[in-house]
J.: 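My questions all concern the structure below.
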Amino acid sequence: MDAKLQSVFDGVVRRNPGEAEFHQAVAEVFESLAPVLARNPQYAEGAVLQRMCEPERQIIFRVPWQDDQGQIHINRGFRVEFNSALGPYKGGLRFHPSVYLGIIKFLGFEQIFKNSLTGMPIGGGKGGSDFDPRGRSDAEIMRFCQSFMTELYRHIGEYTDVPAGDIGVGGREIGYLFGQYKRITNRHESGVITGKGLNWGGSRARTEATGYGAVMFTEEMLKTRSDDLDGRRVVVSGSGNVAIYATEKAQQLGAKVVACSDSSGWIVDEAGIDLELLKEIKEIQRGRISEYADRRSSARFESEGTIWSVPCDVALPCATQNELNAADAKQLVENKVIAVAEGANMPCTPEAVAIFQEAGVLFGPGKAANAGGVATSALEMQQNASRDVWSFEYAEERLHQIMIGVHRRCAQTAEEYGAPGNYVLGANVAGFIKVADAMIAQGLI
Ligand code: NDP
Ligand code: 2IT
């Protein structure tokens, strides 16, 4: 890292001790910025980097709730409102036991640049809780969401901060959260949250958007080498919202998806994933991935080893941060992977990214490749603001055009900065410049 950037980075580490994921996300952006600072002295003069690394506001709150047996639990709630230079804070809520401030800050920081890249008027934020939804009844989930929103409601709003889903937060949770917001405020303020149900303000194609978008981005990367997904072998990690719809779009484009996973292990199905079965197990029954192998003879379940040992042309990590390390990357390169796109946020470690780039593998970083989800959230806000309802085909076409735009912005910026094909640099620099210029134009904020 360049010396000036290193000194700002050291300050960030000192000010935010013990937040390894946040440090990792900041370092990854800073690694790309030396040429930008060299060409634009106003950014250093305006202390733009230092300001960007300090969230505009951080809220931490108690979330008490009662389980079905009457026992009381206390969780911790977070909302980090990171940057509003381009629009209201926008970003999901994650409910997972691993959540702490460092995870929310890494996600919120990434969200600033991702949202900028979409070209939509949205700032960056993220929230969540260390609540573990797994194994909880619908009634418990509802009580938790109601308690969470009883504090969160005063901090959010259509023009202020607009949450959505992330790990552990899907359509069911968004419903309970929105219901409580409406009850407390007496406002049917559709634009306060996205990922809503289709008959009460949700956008068609939002459920599909992140996974579809990641595959659309992959297709754009492949096009630069006159290639496409047709007939390609694909491995997708995870089996949640992003993984399922990445699988669906990859299949629509003629690829064969042969493996997916959850936190207990992975399955390989050489006949190709049966998506209806996967959806039934994961979306309806909220079951485990091992059940897929129990119900399909062409599949086997593994609880040891790694899904990245399955040979493939295209790898789509769609589960969680740092799920693909250097050894996994080496194995994928040995198996002749041609493209990797991050459906999840920061799933590849920095060492893994370096291995892909050195091997000439097309690599799409999360802030570009998974931007389709938040972009379609912005389309949902647009429909809510105009009290309109678009068709699936129209919403999907808008998403497609946005992903083509995200890819073009990354590719052009990488080229402009002398690193053609480096989507990491392209995404970081293009995302950064737009936010930095807006911050300078808006005075000392
Ligand atoms: P879901 O909760 O729907 O699914 C998460 C999947 O990842 C599950 O299969 C889960 O397995 C697995 N997983 C989660 N944590 C771990 C872990 N620590 N170790 C191993 N596996 C794990 O979440 P999403 O699909 O929405 O999110 C997946 C990723 O995509 C996240 O990184 C998220 O930030 C990112 N993302 C999501 C967007 C969205 O619109 N939803 C938009 C952009 C990015 P298990 O059920 O066993 O925990
Ligand atoms: O990481 C992400 O971009 C999301 N979880 C989606 C955020 C959103 O506001 O739709």
Side-chain angles (χ1 to χ4, degrees), residues 21 87-99 103-104 106-115 117-118 120 122-128 132-135 156 161-174 192-196 202-203 205-214 217 236-247 260-267 278 281-283 286-290 292 303 306-307 316-324 341-348 365-381:
E21 296 83 358
Y89 311 108
K90 183 84 196 84
L93 298 170
R94 175 178 292 192
F95 292 170
H96 192 272
S98 62
V99 164
I103 295 259
I104 300 299
F106 119 63
L107 291 164
F109 187 74
E110 291 251 311
Q111 201 82 47
I112 303 170
F113 308 102
K114 183 197 301 188
N115 294 4
L117 268 179
T118 65
M120 311 293 289
I122 40 180
K126 201 85 186 190
D132 187 356
R134 263 183 31 208
I156 62 177
D161 183 358
V162 184
D166 193 82
I167 291 178
V169 177
R172 173 182 60 171
E173 292 73 20
I174 295 293
V192 73
I193 196 163
T194 58
K196 298 181 294 294
S203 176
R206 174 62 190 89
T207 303
E208 294 82 358
T210 311
Y212 275 26
F217 190 89
V236 178
S237 67
S239 50
N241 172 263
V242 180
I244 286 175
Y245 292 95
T247 299
C260 66
S261 64
D262 65 17
S263 59
S264 53
W266 42 287
I267 56 114
L278 184 67
I281 293 168
K282 284 291 174 182
E283 293 187 330
R286 297 179 186 276
R288 307 306 298 155
I289 200 66
S290 54
Y292 180 94
S303 60
T306 158
I307 188 171
L316 302 175
C318 296
T320 194
Q321 64 275 354
N322 294 327
E323 56 160 313
L324 194 164
E342 295 185 319
N345 286 307
M346 211 167 74
C348 299
K367 53 173 86 66
N370 72 39
V374 75
T376 307
S377 278
L379 299 180
E380 183 168 324
M381 292 162 72

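Residue numbers run from 1 in the order of the sequence given. Atoms within each ligand, like the ligands themselves, are counted from 1 in listed order.
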J.: Would a 4.5 Å heavy-atom cut-off, applied to side chains only, mark N370 and V242 as touching?
T.: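 The answer is no, as the side chains (C-beta and beyond) never meet within the 4.5 Å cut-off.
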J.: From the options V169, N322, D166, T320, select the one whose nearest heavy atom is closest to atom 19 (N) of ligand 1.
T.: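 Nearest option to atom 19 (N) of ligand 1, by heavy atoms: T320.
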J.: Measure the shortest side-chain to side-chain distance between L379 and M120 over non-hydrogen atoms and say whether it is less than 4.5 angstrom.
T.: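 SC-SC contact between L379 and M120 confirmed.
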J.: Please report the shortest heavy-atom distance between A378 and I122, naming the atom on each side.
T.: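 Heavy atoms of A378 and I122 come nearest at CB-CD1, 4.1 Å.
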J.: In the protein, what heavy atom is nearest to atom 29 (C) of ligand 1, and what distance, to one decimal place, separates them?
T.: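 The closest one turns out to be A319 O, 3.2 Å.
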J.: Using a 4.5 Å cut-off on heavy atoms from C-beta on, say whether the side chain of I289 contacts that of L278.
T.: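 Contact flag for L278/I289 side chains = yes.
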J.: For V162 and K90, which heavy atoms make the closest approach, and how far apart are they?
T.: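 Looking at all heavy atoms of both residues, the shortest contact is O-NZ, 2.7 Å.
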J.: For a 4.5 angstrom cut-off between non-hydrogen side-chain atoms, does Q321 reach E110?
T.: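 Not in contact.
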J.: Report all protein residues having a heavy-atom distance below 4.0 Å to some atom of ligand 2; order the list by chain, then number.
T.: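 Ligand 2 is contacted, at a heavy-atom distance under 4.0 Å, by K90, G91, G92, Q111, K114, K126, A164, G165, D166, R206, N345, G373, V374, S377.
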J.: Counting heavy atoms only, which of G240, S239, P347 comes nearest to atom 1 (P) of ligand 1?
T.: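 Nearest heavy atom to atom 1 (P) of ligand 1 lies in G240.
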J.: What residue and atom, counting heavy atoms only, is the protein's closest point to atom 3 (O) of ligand 1, and at what distance?
T.: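 That would be N241 N, 2.9 Å.
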J.: Does a side-chain heavy-atom distance below 4.5 Å link E173 with L93?
T.: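 E173 does not reach L93 side chain to side chain.
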J.: Looking only at heavy atoms of C318, does any of them come nearer than 4.0 Å to an atom of ligand 1?
T.: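 True for this residue.
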J.: Provide the closest heavy-atom pair for P133 versus G168 in the form atom of the first, atom of the second, distance.
T.: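 Shortest heavy-atom separation between P133 and G168 comes out as CG-O, 4.1 Å.
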J.: Taking the non-hydrogen atoms of H96, is any one of them nearer than 4.0 angstrom to ligand 1?
T.: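 It does; at least one heavy atom falls under 4.0 Å.
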J.: For the pair S290 and I267, evaluate side chain to side chain contact (heavy atoms under 4.5 Å, CB included) and give the outcome as yes or no after the intermediate values.
T.: CA-CA 7 Å; S290 54; I267 56 114; 6.0 Å; no
J.: Run the ring pair (Phe, Tyr, Trp, His ring centres under 6.0 Å) test against Y212 and tell me which residues pass, sequence neighbours left out.
T.: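 So Y212 forms no ring pair (Phe, Tyr, Trp, His ring centres under 6.0 Å) with any residue.
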J.: Would you check the N or O atoms of S263, main chain and side chain alike, for any that come under 3.5 Å of an N or O of ligand 1?
T.: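 There is such a contact, yes.
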J.: Give yes if a backbone or side-chain nitrogen or oxygen of R288 is under 3.5 Å from a nitrogen or oxygen of ligand 1, and no if not.
T.: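 It does: an N or O of R288 is found under 3.5 Å from an N or O of ligand 1.
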J.: Below 4.0 angstrom, counting only protein heavy atoms, does anything approach atom 10 (C) of ligand 1?
T.: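 Within 4.0 Å: no protein heavy atom nearby.
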J.: Which ligand 1 atoms, with their elements, are less than 4.0 angstrom from a heavy-atom of G238?
T.: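 Listed by number with element: 9 (O).
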J.: Against ligand 1, does Q321 come closer than 4.0 Å with any heavy atom?
T.: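 Judged by the 4.0 Å heavy-atom criterion, Q321 does not count as contacting ligand 1.
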J.: Among P347, S263, C318, whose side-chain contact (heavy atoms from CB on, under 4.5 Å) with E323 holds?
T.: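 Of all the options given, the one that passes is P347.
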J.: Under 4.5 Å between any side-chain heavy atoms of H96 and T320, yes or no?
T.: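 Not in contact.
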J.: Would you say T210 has any N or O atom under 3.5 Å from an N or O of ligand 1, going by distance alone?
T.: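 Indeed, backbone or side chain, T210 has an N or O that close.
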J.: Below a 4.0 angstrom heavy-atom separation, can you tell me which part of R94, side chain or backbone, both or neither, approaches ligand 1?
T.: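 The answer is the side chain.
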J.: So T376 and E208, do their side chains get closer than 4.5 Å, heavy atoms only?
T.: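 Side chain of E208 against side chain of T376, heavy atoms only: no contact under 4.5 Å found.
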J.: Between the candidates I307, D262, I167, which shows the shortest non-hydrogen contact distance to atom 5 (C) of ligand 1?
T.: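 Looking at heavy atoms only, I167 sits closest to atom 5 (C) of ligand 1.
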J.: Can you tell me which residue and heavy atom of the protein come closest to atom 37 (C) of ligand 1, and the distance to 0.1 Å?
T.: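 Closest protein heavy atom to atom 37 (C) of ligand 1: V242 CG2, 3.5 Å.
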J.: Would you name the heavy atoms of S239 and S261 that are closest together and state the gap between them?
T.: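 Taking S239 first and S261 second, the nearest heavy atoms are OG-O, 2.8 Å.
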J.: Any side-chain heavy-atom pair from I156 and P163 closer than 4.5 angstrom?
T.: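 Yes, close enough: below the 4.5 Å cut-off.
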J.: So which protein heavy atom does atom 2 (O) of ligand 1 come closest to, and at what separation?
T.: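 Looking at atom 2 (O) of ligand 1, the protein heavy atom closest to it is G168 N, 3.0 Å.
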J.: Could you tell me whether N345 and ligand 1 have an N or O pair separated by under 3.5 Å?
T.: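 Yes.
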J.: Applying a 4.0 Å heavy-atom criterion (strictly less than), which segment of R286 is in contact with ligand 1: side chain, backbone, both, or neither?
T.: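 For R286, there is no contact with ligand 1 at all, from either part.
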J.: I need the contact type for S237 against ligand 1. Using non-hydrogen atoms and a strict under-4.0 Å cut-off, is it side chain, backbone, both or neither?
T.: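 No part of S237 comes within reach of ligand 1.
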